[in-house]
Student: 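What follows is a structure written as structure tokens; I'll ask about it next.
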Amino acid sequence: MPELPEVETLRRMLDSRVRSRTIVAARRSRSRLHVSSRGGALSALVGRRVERVERRGKYLIFRLDAEHALLSHLGMSGRWLFFDRVPESPMLHVQARLEFSDGTRLWFQDPRRFGQLRVLVGGALARDASLTRLGRDPLDPPLTGSELAALARGVRTSVKVLLLDQRRIAGIGNIYASEILHRARVDPRRRSLLVTRAQWSAVAAEIPAVLNEAIDSLGTTFSMYRTLSGEPGGFGDRLRVYDRAGERCLTCGSVIRRIVQGQRATYYCPHCQSRGGSGS
DNA sequence: ATCCTATCCTGTAGGC
DNA sequence: TGCCTACAGGATAGGA
């Protein structure tokens with residue numbers, strides 16, 4: 001579900017909601033959260049104050065004090081939800097519950113349990129393999145064409161698969177990869193080795209453009225994603241190709257295609273995103 | 001090293 | 001209506 005814009009939206013809302021709040025209770029509600037066992041017990045959070053909430057790629061980091069942090073990844077279906085009091089109707093798939101000293105609550109819900117939640121103590125945050133593996137954030141500072149070309153050097157996979165590689169650029173997921181390539185008019189099947197300098201520049205320019213536009217809309221709600229307050233994101237209306245197979249391209253009227261690359265769906269316009277097409 | 005595949009899990013949409 | 005299958009925004013281990 002969540003890519004950089006959704007995670008950044010959550011980060012901003014979480015930061016304004018829970019910064020400076022002190023955790024008085026922290027419990028896992030389910031023993032088997034994916035990859036969760038690598039971290040310490042949630043009870044280590046009790047009595048600590050949230051200093052700020054950060055993001056790296058698609059990961060959220062709740063900074064507590066110099067020694068303690070809570071690392072969270074939403075996987076495909078994770079949500080953070082904030083409540084002034086315990087909700088009246090029971091909720092399914094709540095994996096963890098935090099309570100603050102003023103009675104407010106922060107719950108982590110994750111039906112598919114691909115999400116991650118772990119408490120990192122001491123140097124564990126700096127050493128965490130899933131964070132050290134990450135490539136650079138495409139927004140800060142905005143990625144440039146020459147940088148992207150350098151990142152792609154020696155890569156033999158398609159440009160779509162490259163954009164999803166978190167070790168090179170951290171934060172782009174399946175929806176925005178298709179959207180970025182459509183706006184840049186680059187064929188997603190194109191081998192990275194064969195992408196021209198001008199095309200890398202076009203892709204690099206669209207990456208921050210699309211991601212920032214999506215952040216402004218509070219992300220894309222395809223089905224599961226919700227903001228901290230439970231609202232859907234607004235970028236779904238702005239999608240030009242994702243999940244639009246069989247529909248018309250808004251630019252040229254051609255029929256949008258769906259293909260599979262690396263076991264994931266890719267959507268593209270065969271006319272706008274072809275070498276000789278109206279693209280570059 | 002790099003690439004590719006299978007896998008983790010539940011919910012939902014669509015065909016029959 | 002119900003049953004069945006395919007698919008879903010992700011990361012990662014392990015084999016080639």
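Residue numbers begin at 1 in each chain, while the letters A, B, ... track the order of the sequences.
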Student: For A:Ile259, what are the other residues in its hydrophobic cluster, where any two members join if their side-chain heavy atoms are less than 4.5 angstrom apart?
Tutor: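 Traced through the cluster, A:Ile259 reaches A:Tyr268.
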Student: Can you name the residues that form a salt bridge (Lys or Arg N to Asp or Glu O under 4.0 Å) with A:Arg21, not counting sequence neighbours?
Tutor: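 Expected list: A:Asp102.
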Student: Is A:Phe114 stacked on the base of B:dC8 when the test is centres under 5.5 angstrom and planes under 30 degrees?
Tutor: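 Check passed, A:Phe114 stacks on base of B:dC8.
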Student: How far apart are the C-alpha atoms of A:Arg168 and A:Gln166, what are their side-chain angles, what is the distance that settles it, and do they pass the side-chain hydrogen bond (donor to acceptor under 3.5 Å, both in side chains) test?
Tutor: CA-CA 5 Å; A:Arg168 295 178 195 277; A:Gln166 305 299 302; over 6 Å; no
Student: Can you tell me whether the side chain of A:Arg264 and the base of C:dA8 have a donor-acceptor pair closer than 3.5 Å?
Tutor: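 There is none.
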Student: Show every salt bridge (charged side-chain N to carboxylate O under 4.0 Å, His left out) that has at least one partner inside residues 63-77 of chain A, sequence neighbours left out.
Tutor: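 Residue pairs passing salt bridge (charged side-chain N to carboxylate O under 4.0 Å, His left out), neighbours aside: A:Arg48-A:Asp65, A:Glu54-A:Arg63.
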Student: Considering only nitrogen or oxygen atoms on both sides, find all protein atoms under 3.5 Å from nucleotides 1-5 of chain B and state each distance.
Tutor:
unit_1: B:dC3; atom_1: OP1; unit_2: A:Arg156; atom_2: N; d: 2.7

Student: What residues form a side chain to side chain donor-acceptor pair (under 3.5 Å) with A:Arg197, not counting sequence neighbours?
Tutor: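 Once residues adjacent in sequence are excluded, A:Arg197 has no partner under the side chain to side chain donor-acceptor pair (under 3.5 Å) criterion.
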Student: In this structure, which stretches of DNA chain C are paired as stems of three or more consecutive Watson-Crick or G-U pairs, both distances less than 3.5 Å?
Tutor: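 Stem list for DNA chain C: B:2-8 with C:10-16, B:10-16 with C:2-8.
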Student: Which pair of heavy atoms, one from A:Leu81 and one from A:Met91, lies closest together, and at what distance?
Tutor: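 Distance-wise, the nearest heavy atoms are CD1-CE, 3.6 Å.
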Student: Report the residues that fulfil ring pair (Phe, Tyr, Trp, His ring centres under 6.0 Å) with A:Trp80, sequence neighbours left out, ordered by chain and then residue number.
Tutor: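 For A:Trp80, the residues satisfying ring pair (Phe, Tyr, Trp, His ring centres under 6.0 Å) (neighbours in sequence not counted) are A:Phe62, A:Phe108.
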Student: Who are the ring pair (Phe, Tyr, Trp, His ring centres under 6.0 Å) partners of A:Phe100, not counting sequence neighbours?
Tutor: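 Expected list: none.
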Student: What residues form a ring pair (Phe, Tyr, Trp, His ring centres under 6.0 Å) with A:Tyr59, not counting sequence neighbours?
Tutor: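 Testing A:Tyr59 for ring pair (Phe, Tyr, Trp, His ring centres under 6.0 Å), a comparison that skips the adjacent residues, returns A:His73.
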Student: Quick one: is C:dA11 close enough that its OP1 or OP2 comes under 4.0 Å of any side-chain N or O from A:His73?
Tutor: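 Looking at the OP1 and OP2 atoms of C:dA11, one of them is under 4.0 Å from a side-chain N or O of A:His73.
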Student: Are there any protein N/O atoms within less than 3.5 Å of an N/O atom in nucleotides 12-16 of chain B, and if so, which ones and at what distance?
Tutor:
none

Student: Quick test of your reading: applying salt bridge (charged side-chain N to carboxylate O under 4.0 Å, His left out), list the pairs with at least one residue in residues 213-223 of chain A, sequence neighbours left out, ordered by first then second residue.
Tutor: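 Passing the test, one end in residues 213-223 of chain A: A:Arg183-A:Glu213, A:Glu213-A:Arg238.
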Student: Does a nitrogen or oxygen in the side chain of A:His93 sit under 4.0 Å from OP1 or OP2 of B:dG11?
Tutor: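 Checking A:His93 against B:dG11: at least one side-chain N or O falls below 4.0 Å of OP1 or OP2.
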Student: Excluding sequence neighbours, so at least two apart, what forms side chain to side chain donor-acceptor pair (under 3.5 Å) with A:Arg112?
Tutor: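 Residues passing side chain to side chain donor-acceptor pair (under 3.5 Å) with A:Arg112: none at all.
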Student: Looking at the base of B:dC9, is there any donor atom on it, or on the side chain of A:Arg113, that sits under 3.5 Å from an acceptor on the other one?
Tutor: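 No, the side chain and the base share no sub-3.5 Å donor-acceptor pair.
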